[in-house]
Every structure is written in structure tokens, then in C-alpha cells.
Protein chains: 2
Amino acid sequence: MKIAFLFYEGMTALDAVGPHEILCRIPGAEVYRVARKAGAIQTDSGLVLTADLSIEEVPEVDILLVPGAGNAATLRQYPEVLEWIRKIHEKTKWTTSVCTGSLILGAAGVLAGVKATTHWATFDRLKDWKATPVKERVVEDGKLITAAGVSAGIDMALVLAAKVEGKLFAQAIQLAIEYDPAPPFDVGSPEKANPMVRAALLSRMSARFERI
Amino acid sequence: MKIAFLFYEGMTALDAVGPHEILCRIPGAEVYRVARKAGAIQTDSGLVLTADLSIEEVPEVDILLVPGAGNAATLRQYPEVLEWIRKIHEKTKWTTSVCTGSLILGAAGVLAGVKATTHWATFDRLKDWKATPVKERVVEDGKLITAAGVSAGIDMALVLAAKVEGKLFAQAIQLAIEYDPAPPFDVGSPEKANPMVRAALLSRMSARFERI
């Protein structure tokens, strides 16, 4: 099982690292961390990750995961990356995204007519790519699996691990990472959040999001 | 607010990256990713992180976070890192850990007589360091805050963010990372897990854990 995580400058680290911690545990997984160019990748939180391979070195994988970013328009200036996604997607068993990674899938042309989700603050932008926005944490449509914002990648990766290796194995991974969440507040979705907190955050985040 | 994440070879990436995604959003946070030596850090999942600074360059911080590892004994061969933790802890406002990071805090000599937690599979080893094991996801005892396995660091960091910047701010971060968890299975703690899955995992993990 070949699994590629697409890395890029300005990506959100947790979008990739949450699912990475899960999918790397699948027996026989060959995990590729891939970017336009191999080397250091500055994420949007200051943390520096490393891409082992360039997109030219990875012609085909079983699973592709595209993380999001505070400004997912970052990749607009690199059409060769969008083209790589489009080509890789032709032969994947599953093409997946976390957070605004789905807008990148959209820009790559693989979401038209597909049910998908993204970060709540950019939800309507899925329509820019003719996707059908669905308000669920993990949305499956054929081989496309998209997750909501940042932390939703963990739930998505467990769903995917169950498809690849079966329920019991996915449960073992969940227990290994002790994923028995206990958030201190029940405010993690826009519907549950304090309206003032939500409005302030949306205004700050919208200023950063360019249309990809 | 100076915040140091201790990085080391063989660490578990998500232990640090979950809390990093939260704590880096605290206004005015100066985040240091610190290791024995600055540079590339190979985590236990193959992902390579980068430490910006060496321990010599960081004499004092407000918050220290120590992540765990599949084999937390890794740091036993570097007493200078344990000594750095002990010294840094003297002046922190909060000293924190995720997963088996608490065993490293123990080895550094800062857990004696303290209530703490760790990954469920190494729970009893807290007693090696005269800590009092408490079966909770996030355990606070004075300025020491320890989290259970891997994913519990996300809950811990939100608890800590609320202490540093107030509840509303922590809630805004929780909404920003859309942390409204929906695990596909309810098996993330040893009490809830299938006993066969738990036994198989414990046996496999125990083989890897050396006593630190």
C-alpha cells in the first residue's frame, strides 16, 4: 500500500501529521512525503517538516492525502503540483483531503460533481469547483474521502484505515494513539460555538484565505 | 510567552504537533522547537521534523512540552537533555508532557510525589519515578500538566490555552482547528477496547518499551 502525503509551503502541519500517525501503522504501508521539491517545508505554524521526495519521483500511489492550509491558494502558483494531483488521482484507490485540502483537490479538477467537505469557514468555496458541500466531519463519495477542518483528519484516517485493513485493525490504531477524545469545551463546530467567537474567527480567517 | 517543544530522535510526531497547532496560536507566543542539537529529527513514524535550536540556546521558558515516543528510553543515553529539563522546569510556569513524555519528566527528576498520567500501556511505570498515576486524560498537579497517550495532547493543550489566555480564546482555537471529534469507534481507551485487541497491542508495544 503506497501512501503519499502532499507537502507544500504554508500547509497546516496537523492536517497531515494526524492522519500520518494513523496511516503509517498500516502493515506494509510505504509512506511517501512528497512536495514540488524534496527538502524542508515551512508550515503555517512555523514548524518545519521534510519532504523526502519530489512529485517527479512519485508517479503512482494507492492513497493520496492533501492537507489544507491557512491560505490554500498557496499552490495556485504551482500548476505542476495541481497537474500531479490530477494524474495521481487517476490511479489511486483513495484520494483524500483534510481541511482546505479539498479546495486544492477542487483546483486540480477532481471534485466536480462530487460530495465533499472542507473547513467550516471556507465551506461555500467547494461550489467554486462544482463539488456538492456536505456538512459532515468525513464525507465519502466513491474513492474520494474529504475531512472537515484540521483535527478531522484523525477521524478520516481511522475511517480509511478500517477500509484498508479492517475494523479491528483500525480499532487497534485508535487504542495505540489513545484516541478517546475529551475536549475541554463543546464548541468545536460552528453550530456549537459561541456566535461572537465564531464571527471574530471567521473575520480573521477570511482575511487570510484567498480564493484558490 | 516562551514555549519550548522538546524534540528528540524517535519521538512520536503527533504528541508534539497536536499541541503545537494549538499553543502556537496564543497571542505573543514565541515557540521554540528544541533538541540536543538543532537540525533534522527523525520521528518514530518516519516523518522528519526540524529542531530550530539546541538546548544550550534555550536557558528559560514559560512552558515546556515533552512529547513521548514508542521507546521513551531513547533519551537515557543523553543525560544532558534530562539535566536541561530539570533546570528549565525550575523556572517554567507550566511543565507539560504528552504520552510517555511523562516518563522522561520522571527520569529528569521532576515527577516525584506528583500526580501524573502517561500512555495507558506504560501506566505503572510512573511509579518508577515516585509519581502517583492517575487514570485521567489530562492530569494537573500544580504547574505540572501531563496528558495520556498521543492524541490526548490536543485536549491538554486546549486546557493549557484556557489557563494562559482564557476560556474564550481557547474556544476560538478549538473552533479554528474544528475540534469536534467523531471517532469512528468508541474504543480509544483500554477500558473501552476489545480485550483481544488490547492484549495484542500491549504485547507488541511492551516489546518496544524499554524502561527509561
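Note that the coordinates shown come from a computational prediction; the quantities given were computed from them, not determined experimentally.
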- Query: Looking at B:Ser189, B:Gly188, B:Ala193, B:Pro190, which makes the most heavy-atom pairs under 4.5 Å with chain A?
  - Reply: B:Gly188

- Toward chain A, the part of B:Ile154 with a non-hydrogen atom under 4.5 Å: side chain

- Item | A:Pro181 side chain near B:Pro183 side chain, heavy-atom distance below 4.5 Å | yes

- Task: List for me each residue that meets side-chain contact (heavy atoms from CB on, under 4.5 Å) alongside A:Ala182, sequence neighbours excluded, and say none if there are none.
- Result: B:Arg137, B:Asp155

- Message: For the backbone of A:Gly46 and the side chain of B:Arg33, can you confirm whether one donor and one acceptor N or O come within less than 3.5 Å of each other?
- Response: yes

- Query: What option among A:Lys167, A:Met156, A:Glu21 has the most heavy-atom pairs under 4.5 Å with chain B?
  - Reply: A:Glu21

- chain B contact via A:Lys192 - which portion, at a heavy-atom distance below 4.5 Å: side chain

- Message: What part of A:Thr43 gets within 4.5 angstrom of chain B, counting heavy atoms only: side chain, backbone, both, or neither?
- Response: neither

- Message: Using only non-hydrogen atoms and a strict under-4.5 angstrom cutoff, which residues of residues 170-180 of chain B touch chain A?
- Response: B:Ala170, B:Gln171, B:Ala172, B:Gln174, B:Leu175, B:Ala176, B:Ile177, B:Glu178, B:Tyr179, B:Asp180

- Query: Side chain, backbone, both or neither: which part of A:Tyr32 has an atom under 4.5 Å from a heavy atom of chain B?
  - Reply: neither

- How many angstroms lie between atom OG of B:Ser45 and atom CG of A:Leu23, to the nearest 0.5 angstrom? 11.0 Å

- Task: Taking the side chain as every heavy atom from C-beta outward, state whether B:Leu14 and A:Leu14 have any atom pair closer than 4.5 Å.
- Result: yes

- Note on the structure: Counting heavy-atom pairs under 4.5 Å with chain B, the top scorer among A:Ala16, A:Ala200, A:Gly149, A:Ala148 is A:Gly149

- Item | Contact origin within A:Ala162 toward chain B - heavy atom pairs under 4.5 Å | side chain

- Heavy-atom pairs under 4.5 Å with chain B, option from A:Val187, A:Val197, A:Leu168 with the top count: A:Val187

- Honestly, the part of A:Val159 sitting under 4.5 Å from a heavy atom of chain B is both

- Using non-hydrogen atoms only, which part of A:Leu201 is less than 4.5 Å away from chain B: side chain, backbone, both, or neither? side chain

- Name the one of A:Val17, A:Val48, A:Leu49, A:Thr50 that satisfies side-chain contact (heavy atoms from CB on, under 4.5 Å) with B:Leu49? A:Leu49

- Message: For B:Lys143, I'd like to know if atom NZ has over 12 heavy atoms of other residues, nucleotides or ligands within 6.0 Å.
- Response: yes

